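All values derive from a computational prediction rather than experimental measurement. Throughout, numbering of the chain's residues begins at 1 and tracks the sequence.
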Amino acid sequence: MALLVSALFAFGFIVAVATIFATIVPAKDRILRLLLRGPEWTIDPLPPVRLTSRRGVIRQRAATAAAQPLRVAA
């Protein structure tokens, strides 16, 4: 029984290592380029937002420095 468990563990370990290598090897050049040079493009920062809640519903609104004119309901 111990031999069967050891064989199953060895098989699972070999499958796991093979899966990792099969994932990394095709992208080896890209991974090395990223490690040596860093990212190829920069990410634009997200605009500042303010979360408001009304009746338990959270909404996202743009946080602006200037006051926005209010519309009057007719």
Side-chain angles (χ1 to χ4, degrees):
M1 185 69 176
L3 183 63
L4 177 64
V5 172
S6 296
L8 287 175
F9 177 78
F11 178 74
F13 184 77
I14 290 171
V15 168
V17 170
T19 303
I20 292 170
F21 277 119
T23 304
I24 292 176
V25 168
K28 177 184 64 168
D29 295 332
R30 183 169 184 259
I31 292 169
L32 289 175
R33 188 174 65 242
L34 286 172
L35 288 174
L36 294 175
R37 298 184 198 157
E40 297 173 354
W41 64 86
T42 58
I43 299 174
D44 294 332
L46 294 173
V49 295
R50 182 177 27 165
L51 298 177
T52 60
S53 175
R54 179 177 293 170
R55 296 187 196 134
V57 177
I58 296 175
R59 297 193 174 142
Q60 181 176 337
R61 299 185 181 193
T64 58
Q68 297 290 327
L70 297 175
R71 290 191 221 160
V72 178

Count I, L, V, M, F, W, Y as connected when their side-chain heavy atoms are under 4.5 Å apart, and connections chain through other members. Are F13 and V5 then in the same cluster?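 No.
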
Using the test side-chain contact (heavy atoms from CB on, under 4.5 Å), find all partners of I24 that sit at least two apart in sequence or belong to another chain.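 If we apply the side-chain contact (heavy atoms from CB on, under 4.5 Å) test to I24, skipping adjacent residues, the hits are I20, I31.
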
Sequence neighbours excluded, every pair satisfying salt bridge (charged side-chain N to carboxylate O under 4.0 Å, His left out) that has a member inside residues 10-39: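 For residues 10-39: R33-E40.
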
